[in-house]
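Some notes on the structure that comes next.
Just so it is clear: chains get the letters A, B, ... in the order the sequence lines come, proteins before strands, and each one is counted from 1. This one's a predicted model, so the numbers in the text were calculated from it and none came from an experiment.
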Amino acid sequence: MSQNVITKDEIVAWVLAYAQAISDNRVLLTELDVAIGDGDHGANMDRGFKAVAQKLQSGGTDISQILKTTGMALLSTVGGAGGPLYSTLFLQAAQACAGKSELSLQDWTGMIDNAARGVMARGKAAAGDKTMLDALLPALQALIEASHANLPLADALLKSAEAAEHGKQATIPLIAHKGRASYLGERSAGHIDPGAASTALLFLIAAKTLAQS
Amino acid sequence: MSQNVITKDEIVAWVLAYAQAISDNRVLLTELDVAIGDGDHGANMDRGFKAVAQKLQSGGTDISQILKTTGMALLSTVGGAGGPLYSTLFLQAAQACAGKSELSLQDWTGMIDNAARGVMARGKAAAGDKTMLDALLPALQALIEASHANLPLADALLKSAEAAEHGKQATIPLIAHKGRASYLGERSAGHIDPGAASTALLFLIAAKTLAQS
Amino acid sequence: MKKLINHPDDVVRESLEGFANAHSSLVRVNLDPAYIVRSDAPIAGKVGIVSGGGSGHEPLHGGFVGAGMLDAACPGAIFTSPTPDQMLEAVKAVNGQAGALFIVKNYTGDIMNFEMAADLAREEGMSIESVVINDDVAVNDSLYTAGRRGVALTVLAEKITGAAAEQQRPLDAVAAICRQVNEQGRSMGMALTSCTVPHVGHPMFNLPEDEMEIGIGIHGEPGRRRVKLQSANVIAEMLMEPVLSDMNAKAGDDVLLFVNGMGGTPLTELYIIYRKANEIASKHGLKIIRSLVGSYVTSLEMAGCSITLLKMNDELATLWDAPVRTVALRWGI
Amino acid sequence: MKKLINHPDDVVRESLEGFANAHSSLVRVNLDPAYIVRSDAPIAGKVGIVSGGGSGHEPLHGGFVGAGMLDAACPGAIFTSPTPDQMLEAVKAVNGQAGALFIVKNYTGDIMNFEMAADLAREEGMSIESVVINDDVAVNDSLYTAGRRGVALTVLAEKITGAAAEQQRPLDAVAAICRQVNEQGRSMGMALTSCTVPHVGHPMFNLPEDEMEIGIGIHGEPGRRRVKLQSANVIAEMLMEPVLSDMNAKAGDDVLLFVNGMGGTPLTELYIIYRKANEIASKHGLKIIRSLVGSYVTSLEMAGCSITLLKMNDELATLWDAPVRTVALRWGI
Ligand SMILES: Nc1ncnc2c1ncn2[C@@H]1O[C@H](COP(=O)(O)OP(=O)(O)O)[C@@H](O)[C@H]1O
Ligand SMILES: Nc1ncnc2c1ncn2[C@@H]1O[C@H](COP(=O)(O)OP(=O)(O)O)[C@@H](O)[C@H]1O
Ligand SMILES: [Mg+2]
Ligand SMILES: [Mg+2]
Ligand SMILES: [Mg+2]
Ligand SMILES: [Mg+2]
């Protein structure tokens with residue numbers, strides 16, 4: 001990121017580091033899902049990102065293709081709600097990067113914007129429904145602001161990670177309106193949404209991997 | 001028993017008191033059967049003797065008929081191993097008393113002798129197999145000895161109750177060779193046999209009811 | 001966690017392998033991607049009936065693959081909707097050139113994965129219809145939930161729809177029957193104990209000895225409320241009341257009464273619930289013309305039950321009675 | 001104790017009432033004395049097949065009453081053999097003037113009650129034969145035990161014998177088929193958890209999280225030994241080894257492989273066991289020509305399983321395949 005841009009190899013590193021982080025946090029994600037869901041979010045994401053890591057071992061030809069490979073691998077291995085949603089996230093990200101060999105902050109922001117729109121279209125949820133969007137949308141908002149302010153990429157990634165983490169914590173008091181947790185009604189309040197947790201981790205790993213390389 | 005004999009009404013009182021004792025000891029008998037059987041001996045005996053008590057409410061015409069009524073009621077309500085065995089015990093006792101309007105010690109001893117033979121024929125068990133016979137046979141032995149020694153009836157009943165109790169306790173170290181407990185092999189040792197416990201109770205109640213009336 | 005398994009990662013695959021070994025005369029099993037098809041598929045001119053969902057609900061759905069019911073079932077990981085490629089391959093394997101119907105339980109994950117599969121299948125030129133089953137009256141069907149869940153009614157829908165397809169009715173007619181079943185059926189469930197997902201390794205929730213959960217789904221989630229343990233008769237009332245008040249059945253109507261076990265409840269107990277549910281339905285003037293009692297839509301080893309009422313008519317009764325030959329439901333052939 | 005019951009005293013009767021309500025097209029139920037008969041009984045010229053035993057093993061035996069299987073079943077109290085008057089009334093209700101066969105599981109209580117019933121029926125002029133099922137290799141058949149227990153093979157014996165009787169074979173021929181099944185079949189079971197008898201109110205034994213019982217029966221009794229919990233594959237080996245070494249099946253023989261659940265074990269797990277048992281049997285050169293997987297001979301809500309192998313021949317296979325129409329086993333009609 002010496003050039004204030006993200007390279008193809010850094011994208012691979014990001015996804016692989018996320019795969020590792022998912023594996024490390026598998027029990028945590030599972031336990032969050034036990035509390036207000038069905039206890040599979042950790043295992044699902046881990047199964048999916050293990051398959052992704054396998055596919056990305058040999059690197060990739062370009063950023064868009066790497067993200068598409070990731071999305072396709074998730075689609076056929078994760079299942080549940082997480083599968084289509086994370087698959088859509090990466091496939092829509094891929095679409096936004098078509099033809100690009102490196103990503104500026106503006107590119108990255110546009111990519112996350114497209115990804116977030118994809119997730120919203122797929123899941124028909126909105127902010128405050130206690131889903132992964134409650135981490136994803138604040139992260140996007142932080143990126144947009146950083147982009148307007150022309151912050152250095154590393155700072156922008158850090159801010160988006162903080163915003164995602166904040167958004168994740170803010171899911172605690174919410175009553176879920178989408179996904180399995182919504183069946184619990186008021187009993188869903190008092191817990192972090194597992195999808196918000198895995199999404200916050202995605203931005204944390206982006207900040208760690210991409211801002212340090 | 002003022003005449004050193006047992007009357008028809010005393011027989012009814014004995015069986016009714018035993019029904020009450022079974023009800024009082026139901027949990028105990030059940031727990032003994034949980035340890036080395038299938039946990040139903042208390043419920044089975046209680047169901048049976050509740051039915052018996054119902055039938056005997058209006059007394060009975062003669063001793064043999066009272067005992068036969070008891071045996072028949074047990075046959076159609078107890079089930080399991082206990083049902084046929086206790087039914088046989090009372091039916092064979094009834095047969096031995098046919099035509100008698102009161103029982104001397106010798107009559108009572110002959111009655112128990114016939115009952116014990118019936119139980120042995122029905123269950124094909126022998127002394128030391130860790131069954132109700134291990135209370136029944138010592139009780140019979142004590143009665144025979146008391147009968148030979150011409151002891152007062154009350155003393156004889158007391159001695160038979162003590163012998164049955166002793167026989168019951170002596171089942172503890174035994175490895176069961178008959179009934180459900182035999183499936184446990186060596187794991188059956190260390191427990192009182194439930195059938196021996198219910199039989200010891202039968203002789204204890206006889207001593208209490210018949211020796212005091 | 002005490003289970004007859006080897007490793008949590010291998011549960012679904014090994015179970016599927018055992019299923020394939022045991023029932024090779026009725027079904028063919030594909031492992032990657034995982035799906036089960038009836039052994040005589042595809043059947044020319046017949047609408048393919050395809051269902052699927054997370055594993056852990058057995059015999060649903062694999063146990064209902066066969067003549068007169070499902071053409072294919074796609075098992076996901078435990079409590080996890082299957083992936084679109086499974087449905088795509090399955091629907092191709094049962095393609096009799098008359099289109100296919102997806103029977104989908106109403107969960108966000110199932111909806112999305114089946115939707116994506118339908119898109120892919122349509123891209124390959126197939127006609128696909130989907131019916132979403134949402135019979136669980138424990139959940140409000142409002143803007144503020146993912147809608148009512150699909151639970152035990154699914155097995156009735158699969159049986160009746162499968163019979164309609166077996167008669168070579170066209171896709172829209174088959175889908176209409178399935179929708180009719182969904183509209184006319186309601187369910188409600190409860191749990192005495194939690195279940196343990198192999199990957200989680202401990203119970204999903206802790207229920208004290210004197211409490212139960214009312215309004216559970218089939219994924220080990222807690223119910224709508226936790227209350228003191230009640231007798232079977234009171235429980236039957238607690239389940240029947242919301243079912244009856246949500247469905248439009250009136251005195252004189254014919255119904256099918258289905259008491260479903262959650263996996264860990266013995267048949268004896270289901271019949272005690274059935275007895276009371278039957279009494280309550282009869283008091284409401286309903287005529288119980290068909291019955292089903294057993295553990296058909298389960299939640300691993302959870303102890304508990306659900307009650308389903310389906311309002312019947314002559315056509316539904318005829319389709320219910322039609323021959324079926326699957327591992328878990330079989331009559332007439 | 002968490003159960004869907006009202007009062008322990010009422011469990012068997014209420015469950016039977018629910019069973020009667022749910023299955024009135026297949027069976028008739030008498031409550032006092034308690035027995036279940038197929039709805040078309042008695043059938044002139046047909047040997048009556050009568051079984052029974054303690055309750056708590058459902059669907060055994062009531063679930064197997066119907067065309068091609070049992071004519072009558074007599075349920076006792078939970079884990080308690082029924083009484084002779086039940087068998088006497090049942091055998092009279094199915095008397096087709098061709099005699100009756102009692103299929104009895106080998107327990108002291110069952111033996112004695114059925115014996116007394118047979119005596120009473122013979123006094124009334126009926127021909128009665130009895131076959132005692134004793135397939136459980138966990139118990140030594142020696143002078144020092146009550147002999148091997150009758151466990152899961154019972155359902156196979158009831159199916160095959162029932163098919164023979166349906167063909168109007170005479171009593172001695174029907175009894176001979178039943179004896180053949182008993183001679184050629186062996187079982188062995190294990191438990192992960194105990195069960196709770198309603199009247200007892202607490203588990204029959206306490207099994208730590210990392211232990212299991214090997215060599216259990218079906219009455220909640222502990223097994224022959226307690227060992228550390230093992231994987232499904234090792235458990236399948238622990239059950240198959242004694243079964244194979246006790247039965248006279250050699251490479252090339254046809255067998256039926258039956259994996260039975262104890263009540264609280266999900267189907268998924270039974271198929272994992274089946275998968276390995278199938279592999280072991282195949283390694284021994286056995287040809288598995290028929291299979292059965294499910295909870296057919298249970299021990300209330302106990303978690304665990306048993307494996308049964310039955311050496312087959314053409315006649316047994318034909319009888320196994322013959323149509324059967326009961327609540328719990330049905331095909332061909
Ligand atoms: N409609 C939706 N839109 C966005 N995210 C959703 C939606 N439904 C569920 N999610 C997210 O998915 C997460 C659950 O994923 P996962 O456990 O993998 O799937 P499932 O709920 O099918 O078991 C939830 O925590 C939530 O963040
Ligand atoms: N063959 C036998 N002969 C004599 N008594 C026996 C025999 N088999 C079992 N019993 C007695 O029966 C008792 C068990 O009775 P019960 O629990 O009512 O029946 P079950 O064993 O059928 O559950 C045993 O404790 C034993 O004393
Ligand atoms: Mg989940
Ligand atoms: Mg007992
Ligand atoms: Mg899930
Ligand atoms: Mg018993």
Contacting moiety of [X], where chain D heavy atoms sit under 4.5 Å:
{"X": "C/Arg290", "value": "neither"}
{"X": "C/Val327", "value": "side chain"}
{"X": "C/Val11", "value": "both"}
{"X": "C/Ile5", "value": "both"}
{"X": "C/Leu229", "value": "side chain"}
{"X": "C/Met190", "value": "side chain"}

Value rounded to 0.5 Å, distance of CD in D/Glu269 from CG in C/Asn6: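 Rounded to the nearest 0.5 Å, the CD-CG separation comes to 11.0 Å.
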
Interatomic distance, C/Glu301 atom CD to D/Thr193 atom OG1 [nearest 0.5 angstrom]: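 Rounded to the nearest 0.5 Å, the CD-OG1 separation comes to 9.5 Å.
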
Toward chain C, the part of D/Leu192 with a non-hydrogen atom under 4.5 Å: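 Its backbone and side chain both get close to chain C.
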
Side chain / backbone / both / neither for D/Arg325 at chain C, heavy atoms under 4.5 Å: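 It is neither, since no heavy atom gets under 4.5 Å.
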
Proximity of residues 14-24 of chain D to chain C, residues having a non-hydrogen atom under 4.5 angstrom: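 The stretch touches chain C at D/Glu14, D/Ser15, D/Glu17, D/Gly18, D/Phe19, D/Asn21, D/Ala22, D/His23.
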
Selection from C/Met302, C/Gln230, C/Met1 maximising heavy-atom pairs under 4.5 Å formed with chain D: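 Greatest number of close heavy-atom pairs with chain D: C/Met1.
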
Partner chain C: residue of D/Lys2, D/Glu58, D/Lys276 with the largest heavy-atom pair count (under 4.5 Å):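 Highest number of heavy-atom pairs under 4.5 Å: D/Lys2.
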
Chain C contacts, top residue of D/Leu329, D/Ile273, D/Thr268 (heavy-atom pairs, under 4.5 Å):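 When all of D/Leu329, D/Ile273, D/Thr268 are compared, D/Thr268 has the most.
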
Contact residues of residues 206-215 of chain C (partner chain D; heavy-atom separation under 4.5 angstrom):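 Counting heavy atoms that sit under 4.5 Å from chain D, the residues of residues 206-215 of chain C involved are C/Leu207, C/Pro208, C/Glu209, C/Glu211.
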
Heavy-atom side-chain proximity of D/Pro266 to C/Thr298 below 4.5 angstrom: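 Contact flag for D/Pro266/C/Thr298 side chains = no.
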
